[in-house]
Amino acid sequence: MQLPADHRQFETKVTPDRRDLNQPADRALGRVVSCTGSRATIAATASGAPGTHDGCAIGRLISISLGTSRVVGLVYEMRALQPVWDEAYPNAIAIEVELLGEVVDGENGAARFNSGIVTYPPIGALAHRIRSRDLALIHDLGERSAVSLGTLTQDAAVPASVDIERLLSRHFAVLGTTGVGKSSAVALMLRKAVAARPNLRVLILDPHNEYAHAFQDTCVRIDASTLDLPFWLFRFEEFADIVFRGRSPLEDEAEILREVVAVARSRYRVVSAHDMARDLGSSVLKRPLDPGARRPGEVSGTAELAAPYRIADLFTALDELIGLHELRYPRTTLRALKVRLETLYSDPRYGFLFAHANSMETIAPVVSQIFRVPHRGRPITVFQLAGLPSEVVNAVASSLARLAFDLAMASRGSYEILLLCEEAHRYVPQDQSLGFAPTRQAIARIAKEGRKYGAYLGIVTQRPGELDPTILSQCSTVFAMRLGNERDQQIIRAAIADASASTIAFLSSIGNREAIAFGEAVATTMRMRFSEQRPDELPAMAGRVAAQVEQREPLVEELVARMRGL
Ligand SMILES: Nc1ncnc2c1ncn2[C@@H]1O[C@H](COP(=O)(O)OP(=O)(O)OP(=O)(O)O)[C@@H](O)[C@H]1O
Ligand SMILES: [Mg+2]
């Protein structure tokens, strides 16, 4: 390699940088010819022969020697100085780098990396391909316990370490266009997370029913046929959203529903207490038989969760309203609501709301099933939303996010719960008029306060631009995978304070399985490649071709039955 002509004046000052025997003999690239506060230009030469500039390509880190310290720069542009190419001689090129920090050699030989620059490189300083050891140092988490999710793109010998504790407790997001490997990366992260933290429970809201395939031995799959989510567990707004199928209720409708639910709730409590007292042969019930149940007169709030009621009481209360001499609501509205509730009740797709609702006295069975208390070796719950009627998805997501928060809070630190939202832009869209307010509130609550109680959020989306920016800004670690859209890139730029402009510029062109990891769980912004996983460890989308295509074509009756959720 030829260096620019004026290099001799530095020869005596620059320490030879060849301590690692495995490294190529000549790591020199060129010399600094200009330096601004955050950037430098390196003059070098290129012959165009294959492999000659291995260490220097867009997106790579290089180091600039300053004796006892080495300034680390990220290459973001390379160009030939002449617009012609000379085959016979090396051609002069300019390498533009963004300065990220410096590696300082300590007294006892231990080096350390500081982000930010104290000593800027002088003009003429020698730039090198970076040493593996420096690269490892830059991404080393030090005292923090690290888990490897893959390797650095630049050097496959250096592990891509993340701090799982920070990753979870400060929330994280995985962003990238479709097919870049988001779900596969999430599967890898979750596998590492549950292995590292035994009291972690993971609830995946899985809109494409793909994750169960990735966690065959460690997950419980909940789908429309195995789900029991009693109707009385929903908050009023959630229940109304189910009843009115996502449309906003007409005047009076919501009011009537609110009234009959309240009546049914009060009747349930009175009747059950009375029955119990009679059965026990005592007129006074000294303590509530079910510690979770609310006694008459108690304030509502989260306690409402634990107060069941009977669907029969709901219908009776509605009939009573219809039968009143002096009608308080228009009879047609009352009748329409009754028909609506009856249709819901008899629709097999909504069986999960009603089938076992009144054989449960508290939410304990639901919590135990969905949040794995105890986990019995399966700490992950894959909640398959694809089989549920689309009208209930919002209400279900809302109630689950709410339960996750309440449970984490009630456990006083014994359980940590990670709620992983795939396609999060559906639940928390940027446009406040879209989406379902209670879901947004429940997720925002975890994002804002969850870390105090051990409720964490993982967000996965292919459209960061359509995601509520306040939720994204609560995610302190971001794995940005390929993002072609300029608007999406800007979102990342805005959301991540320490994202250098040049790093973001790569987002449109990085490969599949690659990510740029920013934020609290990594030591320095890191361009990485997630480890390759076996086909049986990938979400089902990957395995679908071989495993899920049916051998024969289904009959039309079978297809229809499936579409009806039977
Ligand atoms: N870590 C990995 N190991 C092995 N294969 C992978 C890995 N990551 C991704 N792939 C391959 O890339 C394909 C797409 O991955 P994946 O389904 O995770 O993408 P995605 O970003 O979640 O896509 P979508 O936006 O459609 O959900 C997979 O089918 C898989 O074959
Ligand atoms: Mg996916």
Side-chain angles (χ1 to χ4, degrees), residues 205 224 227-269 292-294 299-321 329 333-363 365-367 370 383 385 388-406 427 435-443 445 565:
L205 298 184
L227 175 63
D228 269 319
L229 216 50
F231 62 92
W232 48 259
L233 173 149
F234 291 89
R235 278 228 171 123
F236 176 74
E237 306 81 48
E238 294 160 359
F239 189 52
D241 191 66
I242 296 174
V243 172
F244 301 115
R245 315 258 162 121
R247 72 160 167 81
S248 41
L250 301 176
E251 208 184 333
D252 288 340
E253 274 181 338
E255 210 35 56
I256 302 170
L257 188 64
R258 192 187 294 278
E259 185 169 332
V260 293
V261 167
V263 170
R265 258 209 175 104
S266 64
R267 286 187 187 168
Y268 182 89
R269 286 194 300 272
R294 188 154 56 105
V299 284
S300 65
T302 25
E304 204 176 77
L305 269 181
Y309 59 92
R310 291 197 179 83
I311 195 76
D313 287 338
L314 200 69
F315 283 122
T316 315
L318 199 51
D319 282 338
E320 285 167 10
L321 279 181
Y329 303 104
T333 318
L334 288 165
R335 288 243 162 83
L337 181 61
K338 186 171 177 204
V339 169
R340 195 168 267 282
L341 283 169
E342 280 170 348
T343 318
L344 192 69
Y345 185 57
S346 55
D347 188 337
R349 295 180 309 148
Y350 293 85
F352 69 93
L353 293 174
F354 304 106
H356 299 109
N358 288 135
S359 60
M360 289 183 206
E361 293 278 319
T362 69
I363 56 166
V366 179
V367 168
I370 297 179
F383 204 103
L385 295 170
L388 293 183
S390 55
E391 306 87 49
V392 299
V393 166
N394 274 332
V396 167
S398 164
S399 62
L400 292 177
R402 193 162 47 79
L403 280 177
F405 187 92
D406 290 345
Y427 314 115
F436 180 52
T439 319
R440 187 189 290 278
Q441 277 163 16
I443 291 181
R445 188 157 160 240

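Computed from a predicted structure; not experimentally measured. Here, residue 1 is the first one in the sequence, and each next residue gets the next number.
Counting heavy atoms from C-beta outward, Leu257 and Glu253 have side chains that stay 4.5 Å or more apart. Looking at Leu229 and Val392, their side chains never come closer than 4.5 Å, going by heavy atoms from C-beta outward. Considering only heavy atoms from C-beta on, Ile370 stays 4.5 Å or farther from Leu403 through its side chain. Taking the side chain as every heavy atom from C-beta outward, Val263 and Leu321 never approach each other to under 4.5 Å.
Expressed to the nearest 0.5 Å, how far CD1 of Ile256 lies from CG of Leu334 amounts to 4.0 Å. To the nearest 0.5 angstrom, Phe436 atom CZ is 3.5 Å from Asp241 atom CG. To the nearest 0.5 Å, atom CG of residue Leu388 and atom OH of residue Tyr350 are 9.5 Å apart.
Annotation for Pro389 and Phe352: closest pair CD-CE2, 4.3 Å, computed over non-hydrogen atoms.
In this structure, Gln441 has no side chain to side chain contact (heavy atoms under 4.5 Å, CB included) partners at least two apart in sequence or on a different chain. Residues that satisfy the salt bridge (charged side-chain N to carboxylate O under 4.0 Å, His left out) test with Glu320, not counting sequence neighbours, are Arg267. Take Asp228 and apply the side chain to side chain donor-acceptor pair (under 3.5 Å) test, not counting sequence neighbours, and it matches His356. Residues that satisfy the side chain to side chain donor-acceptor pair (under 3.5 Å) test with Ser398, not counting sequence neighbours, are Glu238. Glu259 is linked by a salt bridge (charged side-chain N to carboxylate O under 4.0 Å, His left out) to Arg328, counting only residues two or more places apart in sequence or in another chain. Here Tyr309 pairs with Phe231 under the ring pair (Phe, Tyr, Trp, His ring centres under 6.0 Å) rule; sequence neighbours left out.
Under a 3.5 Å cut-off, the side chain of Arg402 and the backbone N or O of Phe234 do not form any donor-acceptor pair. Within the 3.5 Å criterion, the main-chain N or O of Tyr427 finds no donor-acceptor partner in the side chain of Thr439.
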Less than 3.5 Å apart, which donor and acceptor atoms pair up between the side chains of residues 335-343 and the rest of the protein, not counting sequence neighbours?
residue : atom : partner : partner atom : Å
Lys338  : NZ   : Asp319  : OD1          : 2.9
Arg340  : NH1  : Val243  : O            : 3.2
Thr343  : OG1  : Val339  : O            : 2.5

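If you run side chain to side chain contact (heavy atoms under 4.5 Å, CB included) between Ile242 and each of Val393, Val396, Leu344, only Leu344 comes through.
Heavy-atom contacts from other residues, nucleotides or ligands closer than 6.0 Å to CZ of Phe315 number more than 12.
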